[in-house]
Amino acid sequence: MATDAAVAKEGLVIPLIDFSKFLSGTPHERQSTAKAILHGFQTAGFIYLKNHPIPADLLRHTFTRSADFFAIDTAAKMNLCWTTPEANRGYSSPGREKVSQLEDMAEIEKVRSAAPDLKESFEIGRDTDPQHPNQWPVEEGNLKGFRPDMMDFFAKCQALHAEVMRAIALGMGLEESFFDGFVDVGDNTLRLLHYPSVKADVFKINPGQVRAGEHSDYGSVTLLFQDSRGGLQVKSPTGHFVDATPIEGTIVINAGDLLARWSNDTIKSTIHRVVEPPRKEADSYPPRYSIAYFCNPNSESFIETLPGTYATEQDKKYKGVNSGDYLVQRLTATY
């Protein structure tokens, strides 16, 4: 099956894939679409999906609700502050999070203070975790119905995650249901992101300034919903960052570090960042909103090298790891 390219530059080819062919196509179309998805993750670490099952009107509504949340006063947001890596829920103010590939805490703090990421976020987990309840704003004014709206969107993304993992399994020659028991709990994170309006010269005054520093994601896959502003860049095989320009009606999906580890590095978790947008208005950049749905294996899952990615035990690059423990370790270095 021929696949269009959403991005093709500097040796980076990110495919644009019609997901309806997997969801409701013939057996041949399902197989070839699964192969295209796997190939995209193996070569670029990123794919774009079109004709996916997230309705356009639901997505627009969720973006509106996100803007409603970030418009409430700072004190109300700070009452919902992000607390611990174990919970990974709540509000993160500008400069609180510093995504990077560094592991040394002193080095991370040095980078954070020099050029804090220009964003604020709100993290929402599954609403059925008795140990780590979500932190919800008071539902009044523009925020009436905020919680059920967010959980509806969370559920739609959770269902899509399961389908993407089925496509990966089929592409790898595994049983299509192979990952079902690893992702059925929904230990995922819905992140609302707001990059506030900034003066254009902030990027000139501080050459290291970005809206989100270069990083890879931690879990299995990430579903990314962009507005039209742009700014997402993906690192190419040549070491250059290439624009992952928004395409209306698509979802950008990238593989995370845990899936790369699970696949014995046959799947790539590619470095990306959010930088100065390509277009400005007068002397400033307007706000940018995006929504990321970070997908993970169930926190109790034990992740071992996938069948078919090694010939002998010596070929395994990684020891088995508990999913929840791994993610807490990564989040601890981020906040």
Colleague: May I have the step-by-step check of side-chain contact (heavy atoms from CB on, under 4.5 Å) for Thr83 and Cys81, ending in yes or no?
Modeller: CA-CA 6 Å; Thr83 51; Cys81 257; 5.6 Å; no
Colleague: Roughly how far, to the nearest 0.5 Å, is the OG atom of Ser299 from the CD atom of Gln131?
Modeller: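 Between atom CD of Gln131 and atom OG of Ser299 there are 8.5 Å.
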Colleague: Would you give the length of the straight line joining atom CG of Asn322 to atom CG of Leu327, rounded to the nearest 0.5 angstrom?
Modeller: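 Going from the CG atom of Asn322 to the CG atom of Leu327 covers 9.0 Å.
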Colleague: Is it true that the side chains of Asp315 and Asn264 contain a donor and an acceptor less than 3.5 Å apart?
Modeller: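 Side-chain D/A pair, Asp315 to Asn264: absent.
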Colleague: Find out if a path of hydrophobic residues (ILVMFWY) with successive side-chain heavy-atom gaps under 4.5 Å connects Phe70 to Leu143.
Modeller: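 In one cluster with Phe70: Leu143, yes.
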Colleague: For Arg288 and Gln226, does a side-chain donor sit closer than 3.5 Å to a side-chain acceptor?
Modeller: yes
Colleague: On the six-membered ring of Tyr310, is Lys316 placed so that its NZ or CZ lies under 6.0 angstrom from the centre and within 45° of the ring axis?
Modeller: yes
Colleague: Relative to Phe241, does Arg273 satisfy both conditions: NZ or CZ under 6.0 angstrom from the six-membered ring centre, and within 45 degrees of the ring's axis?
Modeller: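 Yes, Arg273 sits over the ring of Phe241.
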Colleague: For side chain to side chain donor-acceptor pair (under 3.5 Å), just list the numbers for His132 and Thr84, CA-CA rounded to whole Å, side-chain angles, deciding distance to a tenth of an Å, and then say yes or no.
Modeller: CA-CA 10 Å; His132 304 296; Thr84 66; 5.2 Å; no
Colleague: Would you check if the side chain of Asp73 reaches a backbone N or O of Ala75 as a donor-acceptor pair within less than 3.5 Å?
Modeller: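 It does hold such a pair.
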Colleague: Is there a chain of hydrophobic side chains (I, L, V, M, F, W, Y, each step under 4.5 Å between heavy atoms) that links Tyr91 to Leu331?
Modeller: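 Hydrophobic grouping puts Tyr91 with Leu331.
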Colleague: Whether Lys9 and Asp243 form a salt bridge (side-chain N of Lys/Arg under 4.0 Å from carboxylate O of Asp/Glu) is what I want to check.
Modeller: no
Colleague: Can a donor-acceptor pair be found, under 3.5 Å and without considering hydrogens, that links the side chain of Lys268 to the backbone of Thr43?
Modeller: yes
Colleague: Any chance the side chains of Thr128 and Arg126 put a donor and an acceptor closer than 3.5 Å?
Modeller: yes
Colleague: When you measure from the side chain of Gln233 to the backbone N and O of Val274, does any donor-acceptor pair fall under 3.5 Å?
Modeller: no
Colleague: Describe, in one word, how the ring planes of Phe146 and Phe122 are oriented to each other, choosing from parallel (under 30°), tilted (30 to 60°) and perpendicular (over 60°).
Modeller: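 Aromatic pair Phe146/Phe122 classed tilted.
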Colleague: Could you measure the distance from the CG atom of Asp149 to the CZ atom of Phe154? Nearest 0.5 Å is fine.
Modeller: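 Result: 15.0 Å between the selected atoms.
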Colleague: Run the salt-bridge test on Glu120 and Lys77 with the 4.0 Å N-O cut-off and return the result as yes or no.
Modeller: yes
Colleague: Side chains of Arg89 and Gln135: donor-acceptor distance under 3.5 Å anywhere?
Modeller: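 There is no such pair (donor and acceptor under 3.5 Å, judged by atom type) between the side chains of Arg89 and Gln135.
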Colleague: Once rounded to the nearest 0.5 Å, what's the spacing between atom OG1 of Thr332 and atom CG of Asn88?
Modeller: 10.0 Å
Colleague: Taking the side chain as everything from C-beta on, heavy atoms only, tell me whether Tyr218 gets closer than 4.5 Å to Ser269.
Modeller: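 Of all side-chain heavy-atom pairs linking Ser269 with Tyr218, none is under 4.5 Å.
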Colleague: Quick test of your reading of the model: are Arg30 and Glu176 salt-bridged, counting only N-O distances below 4.0 Å?
Modeller: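 Answer for the salt bridge query: yes.
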Colleague: Picking from Ile47, Val164, Ile251, what satisfies side-chain contact (heavy atoms from CB on, under 4.5 Å) with Phe19?
Modeller: Val164
Colleague: Quiz question: by atom type and distance under 3.5 Å, do the side chains of His240 and Thr238 form a donor-acceptor pair?
Modeller: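 A donor-acceptor contact under 3.5 Å links the two side chains.
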Colleague: Are Asp217 and Asp257 close enough that some pair of their side-chain heavy atoms sits under 4.5 Å apart?
Modeller: no
Colleague: Carefully, step by step, assess Ile291 and Leu193 under the rule side-chain contact (heavy atoms from CB on, under 4.5 Å).
Modeller: CA-CA 6 Å; Ile291 298 170; Leu193 278 155; over 6 Å; no
Colleague: In a check of side-chain contact (heavy atoms from CB on, under 4.5 Å) between Cys295 and each of Val183, Thr222, Asn188, which one passes?
Modeller: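 That would be Asn188; it is the only one of Val183, Thr222, Asn188 passing the side-chain contact (heavy atoms from CB on, under 4.5 Å) with Cys295.
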Colleague: Please tell me whether His52 and Ser20 have a donor and an acceptor in their side chains that are separated by less than 3.5 angstrom.
Modeller: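 No pair is found: no donor N or O on one side chain lies under 3.5 Å from an acceptor on the other.
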Colleague: Does Ser263 use its side chain to pair, donor to acceptor, with the backbone of Leu259 at less than 3.5 Å?
Modeller: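 Checking the backbone N and O of Leu259 against the side chain of Ser263, a donor-acceptor pair under 3.5 Å is found.
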Colleague: Regarding Asp265 and Lys317, does a basic nitrogen lie under 4.0 Å from an acidic carboxylate oxygen?
Modeller: yes
Colleague: Among Phe63, Phe153, Tyr293, whose ring pair (Phe, Tyr, Trp, His ring centres under 6.0 Å) with Phe225 holds?
Modeller: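 Among the candidates, only Phe153 passes.
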Colleague: When you look at Glu123 and Ser121, which way does the side chain to side chain donor-acceptor pair (under 3.5 Å) test go after all the steps?
Modeller: CA-CA 7 Å; Glu123 319 282 323; Ser121 64; 3.2 Å; yes
Colleague: For Pro15 and Gly40, work out which heavy atoms get closest and say how close.
Modeller: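 Where Pro15 meets Gly40 most closely, the heavy atoms are CG-CA, 3.9 Å.
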Colleague: Examine distances only and state if a side-chain atom of Asn134 and a backbone atom of Trp136 form a donor-acceptor pair shorter than 3.5 Å.
Modeller: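 Absent.
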Colleague: So, does Asn298 use its side chain to make a donor-acceptor pair with the main chain of Val185 at under 3.5 Å?
Modeller: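 Checked: pair present.
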Colleague: To the closest 0.5 Å, what do you measure between CD1 (Ile168) and CD (Gln42)?
Modeller: 9.5 Å
Colleague: Whether Arg65 and Asp68 form a salt bridge (side-chain N of Lys/Arg under 4.0 Å from carboxylate O of Asp/Glu) is what I want to check.
Modeller: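 Yes, charged N to carboxylate O under 4.0 Å.
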Colleague: After noting the C-alpha distance and the side-chain angles of Ser93 and Lys119, does the key distance pass the side-chain contact (heavy atoms from CB on, under 4.5 Å) rule?
Modeller: CA-CA 7 Å; Ser93 57; Lys119 68 176 188 294; over 6 Å; no
Colleague: Would a distance-only check, ignoring hydrogens and angles, find a side-chain to backbone donor-acceptor pair under 3.5 Å from Thr270 to Ala44?
Modeller: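 Yes; at least one donor-acceptor contact below 3.5 Å.
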Colleague: Closest approach of Ser66 and Leu192, non-hydrogen atoms and distance?
Modeller: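 Reported closest heavy-atom pair: OG-CB, 3.6 Å.
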Colleague: Same hydrophobic cluster for Leu58 and Met151, using side-chain heavy-atom links shorter than 4.5 Å among ILVMFWY?
Modeller: yes
Colleague: If you draw a 6.0 Å radius around CD in Glu139, do more than 12 non-hydrogen atoms from other residues or ligands fall strictly inside?
Modeller: yes
Colleague: Is any side-chain heavy atom of Leu223 less than 4.5 Å from a side-chain heavy atom of Phe294?
Modeller: no
Colleague: Show the numbers, then the answer: is there a side-chain contact (heavy atoms from CB on, under 4.5 Å) between His272 and Lys235?
Modeller: CA-CA 6 Å; His272 52 285; Lys235 197 168 191 177; over 6 Å; no
Colleague: With ring-ring contact (aromatic ring centres under 6.0 Å, His included) as the test, would you mind laying out the steps for Tyr326 and Trp262 before giving the verdict?
Modeller: CA-CA 12 Å; Tyr326 176 83; Trp262 209 351; over 10 Å; no
Colleague: Taking all non-hydrogen atoms of both residues, which atom of Gln158 and which atom of Asp184 are closest, and how far apart?
Modeller: NE2-O, 3.4 Å
Colleague: Just by distance, do the side chain of Asp227 and the backbone of Tyr289 share a donor-acceptor pair under 3.5 Å?
Modeller: yes
Colleague: Just do the side chain to side chain donor-acceptor pair (under 3.5 Å) check on Asp187 and Asn296 with the steps written out, would you?
Modeller: CA-CA 6 Å; Asp187 284 324; Asn296 309 304; over 6 Å; no
Colleague: With distance as the sole test, does Glu29 use its side chain to make a donor-acceptor pair with the main-chain N or O of Thr26 at under 3.5 Å?
Modeller: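 Checked: pair present.
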Colleague: In the structure I gave you, are the side-chain heavy atoms of Leu16 and Lys50 within less than 4.5 Å of one another anywhere?
Modeller: yes
Colleague: Tell me whether Val328 is reachable from Leu258 by hopping between hydrophobic residues (I, L, V, M, F, W, Y) whose side-chain heavy atoms are closer than 4.5 Å.
Modeller: no
Colleague: Under 4.5 Å between side-chain heavy atoms, counting indirect links through other Ile/Leu/Val/Met/Phe/Trp/Tyr residues: same cluster for Leu224 and Ile14 or not?
Modeller: yes
Colleague: Does a sphere of radius 6.0 Å around CD in Glu86 hold more than 12 heavy atoms from other residues, nucleotides or ligands, not counting ones at 6.0 Å or beyond?
Modeller: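 Counting other residues, nucleotides and ligands, CD of Glu86 exceeds 12 neighbours.
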Colleague: Taking atom types as modelled, find out whether Thr33 and Gln31 have a side-chain donor-acceptor pair closer than 3.5 angstrom.
Modeller: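 No - no donor-acceptor pair under 3.5 Å links their side chains.
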Colleague: Using only atom types and a distance under 3.5 Å, with no angle test, would you say the side chain of Thr250 pairs donor to acceptor with the backbone of Pro246?
Modeller: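 It does not hold such a pair.
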